[in-house]
Amino acid sequence: AVLAKDPYAEECRNESYPPSGPRFKGNAPVYIINLDLPPSKRWDQLINDKKVQLKTLTDTMRGIMTAFFPSGKVVHILEKELTLLSATLPYPFREEIEGIAKASGIPLGEIVMFNVFYEIFTV
Amino acid sequence: CTSIVAEDKTGKLYHARNLDFGLFLGWDVKNSSWTITEELRPLTVSLDFQRNNKTVFKSSNFAGYVGMVSGMKPGIFSLTMNERFSIDGGYIGIFQWILGKRDGMWMGFLTRAVLENSTSYEDAKDQLTKTKLLAPAYFILGGNRTGQGCVITRSRLSTLDIWNINTNGGPWYVLETNYDHWEDPFVLDDRRTPARRCMDRITPENISLPTIFDVLTTKPVLNKLTVSTTLISVTDSRIETYLLGCPDPCNPW
């Protein structure tokens with residue numbers, strides 16, 4: 001069964017560009033990040049526009065962890081440790097992450113987790 | 001993820017990627033989709049990083065994430081990163097960082113630093129090859145002239161392999177999913193074979209960003225984890241990001 005033909009695979013597509021139809025969910029909006037601004041201010045406009053969606057994502061990540069560790073203690077410890085971890089991150093990333101946390105109103109530990117998720121996830 | 005760098009018959013380079021993320025992070029039974037994947041889509045943005053009102057580099061990113069996973073230095077090079085799974089994974093690097101051993105670099109911060117500071121394809125390749133990391137990764141790098149395309153396979157501490165295009169009888173494209181290119185992919189997650197089959201049909205005579213888009217939107221290269229597709233032409237200073245979904249029937253990864 002494992003070696004059987006993939007039932008969902010399809011023939012190579014042709015002339016699918018420019019994208020349209022049910023697979024196309026829209027264009028990514030464009031933002032300018034001004035590197036002349038202090039790191040803590042660079043992301044303010046973008047985060048102001050996306051903070052609701054960002055909060056939804058961090059809440060879901062917290063929910064998934066809570067599902068694995070229902071007492072909530074692990075999540076609490078992790079968030080506390082990740083808040084401390086932010087102080088060790090190099091310039092300008094620490095300042096930018098702190099700026100994002102401030103602009104979004106999301107706890108710093110959760111923004112740090114979002115930013116180091118790749119390192120956590122690669123096992 | 002699936003990343004491709006390809007060279008056409010005139011030596012022009014094209015770089016594109018599917019960003020797939022969210023495996024095992026919550027399955028929405030009602031909508032038959034991965035929760036995190038769906039929530040990342042509205043956070044996907046195209047960014048133009050400027051200094052003195054001039055573009056330094058451009059990227060496709062998630063709002064709230066300060067590192068880079070896809071980007072381009074106009075006219076110079078393009079870079080994407082694919083996840084590489086390993087037992088010697090990022091959690092070891094994080095523990096070492098917490099314990100004070102901080103000679104490695106966070107993946108997203110390295111790619112951001114390369115896009116911001118590197119001045120050539122060779123310089124970027126050098127940085128991505130030699131810098132110690134906290135987690136393993138695949139770096140897919142494209143340049144602005146013939147032969148400038150490669151996949152750099154990284155462990156945390158060293159470079160395991162550099163796979164170049166079009167030099168010494170090499171291929172006209174490199175294609176990376178999430179497995180070492182010299183080994184077979186996991187049998188339940190083989191996006192490489194269908195992607196290669198589509199690329200081989202296109203040939204260097206017909207390769208372009210639209211034809212690569214055809215490859216990346218063919219199932220199962222496109223799958224339930226796909227958040228977006230990014231198309232890059234360094235020569236034309238062009239980067240486009242499209243949000244994509246995979247309607248049923250569709251592979252979960």
Side-chain angles (χ1 to χ4, degrees), chain A residues 2-3 6-19 22-36 43 46-47 49-51 53-54 56-58 60-61 63-64 67 81 85 88-90 92-93 96-97 100 104 106 111 114-123, chain B residues 25-26 35-36 39-52 56 60 63-67 83-87 89-91 93-94 97-98 106-109 134-136 187-188 194 197-198 201 210 213-215 217-220 222 228 241-247 249-251:
Chain A
V2 165
L3 295 174
D6 182 350
Y8 303 141
E10 59 187 5
E11 288 300 309
C12 301
R13 299 182 85 208
N14 288 306
E15 298 181 359
S16 61
Y17 183 93
R23 296 178 197 208
F24 180 49
K25 304 294 181 188
N27 294 302
V30 180
Y31 286 84
I32 292 170
I33 303 296
N34 184 354
L35 295 170
D36 294 319
W43 300 88
L46 170 58
I47 296 304
D49 289 354
K50 295 287 184 180
K51 60 185 169 190
Q53 294 91 329
L54 187 56
T56 302
L57 180 81
T58 54
T60 300
M61 288 166 63
I64 290 169
E81 293 300 322
L85 180 70
T88 70
L89 299 178
F93 306 111
E96 290 188 9
I97 288 170
I100 289 168
S104 64
I106 296 169
I111 298 297
F114 185 42
N115 276 275
V116 302
F117 205 67
Y118 176 75
E119 276 75 11
I120 295 171
F121 202 63
T122 48
V123 61
Chain B
L25 296 175
T35 308
I36 292 286
E39 291 179 358
L40 281 173
R41 211 167 282 132
L43 284 171
T44 303
V45 288
S46 291
L47 300 179
D48 182 345
F49 289 80
Q50 296 186 353
R51 193 171 279 130
N52 299 323
V56 179
S60 170
Y65 184 72
V66 302
E83 189 161 21
R84 181 169 184 265
F85 299 99
S86 172
I87 294 297
Y91 67 100
I94 292 177
W97 182 278
I98 290 168
W106 303 82
M107 182 282 300
F109 299 170
L134 269 67
V187 70
L188 293 179
R197 190 173 61 238
C198 295
R201 279 174 52 164
F213 187 80
D214 288 336
V215 176
T217 54
T218 297
K219 299 174 187 177
L222 180 81
S228 63
T241 298
Y242 301 102
L243 311 179
L244 292 175
C246 191
C250 180
N251 270 9

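Nothing here was measured: the structure is a model prediction, and the numbers come from that model. Letters A, B, ... are given to chains in the order of the sequence lines, protein chains preceding strands, and every chain is numbered from 1.
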Chain B contacts, top residue of A:I64, A:I111, A:I97 (heavy-atom pairs, under 4.5 Å): A:I64
Parallel, tilted or perpendicular: rings of B:F49 and A:W43 (30°, 60°): perpendicular
Greatest number of heavy atom pairs closer than 4.5 Å to chain B - which of A:T58, A:L89, A:I47, A:I106: A:L89
Separation between CZ of A:R23 and CG of B:L244, rounded to the nearest 0.5 Å: 9.0 Å
Pairs of heavy atoms under 4.5 Å with chain A: top-ranked of B:V215, B:N52, B:L134, B:I98: B:N52
Contact winner vs chain A - B:P194, B:C246, B:A135, heavy-atom pairs under 4.5 Å: B:A135
Side chain / backbone / both / neither for B:I94 at chain A, heavy atoms under 4.5 Å: side chain
Atom pair CZ/CE of A:F117 and B:M107 - distance to nearest 0.5 Å: 12.5 Å
Interface moiety of B:V66 toward chain A, non-hydrogen atoms closer than 4.5 Å: both
Option that, when pairs with chain A are counted at under 4.5 Å, heavy atom only, ranks first among B:G67, B:C250, B:G26: B:C250
Chain B contact via A:L54 - side chain, backbone, both or neither, heavy atoms under 4.5 Å: both
Check: B:Y242 and A:N27 side chains under 4.5 Å, non-hydrogen atoms: yes
Heavy-atom side-chain proximity of B:E39 to A:M61 below 4.5 angstrom: no
Considering all heavy atoms, the nearest A:F114-B:A63 contact: CE2-O, 3.4 Å
Rounded distance (nearest 0.5 Å) linking atom CZ of B:F109 with atom CG of A:N115: 5.5 Å
Atom group of B:R51 that falls short of 4.5 Å from chain A, counting heavy atoms: both
Which atoms of B:S228 approach chain A - backbone, side chain, both or neither, heavy atom under 4.5 Å: neither
CD1 on B:I36 to OG1 on A:T56, rounded to 0.5 Å: 10.5 Å
Residue of the set A:V30, A:I33, A:L46 for which side-chain contact (heavy atoms from CB on, under 4.5 Å) holds with B:V45: A:L46
A:K25 side chain to B:P42 backbone, donor-acceptor under 3.5 Å: no
Flag side-chain contact, heavy atom, 4.5 Å: A:Y8 against B:P220: no
Under 4.5 Å from any heavy atom of chain B - which part of A:E11: both
Residue selection (most heavy-atom pairs with chain A, distance under 4.5 Å) from B:D48, B:L222, B:D214, B:T217: B:D214
Shortest non-hydrogen contact from A:E119 toward B:G108: OE2-N, 4.5 Å
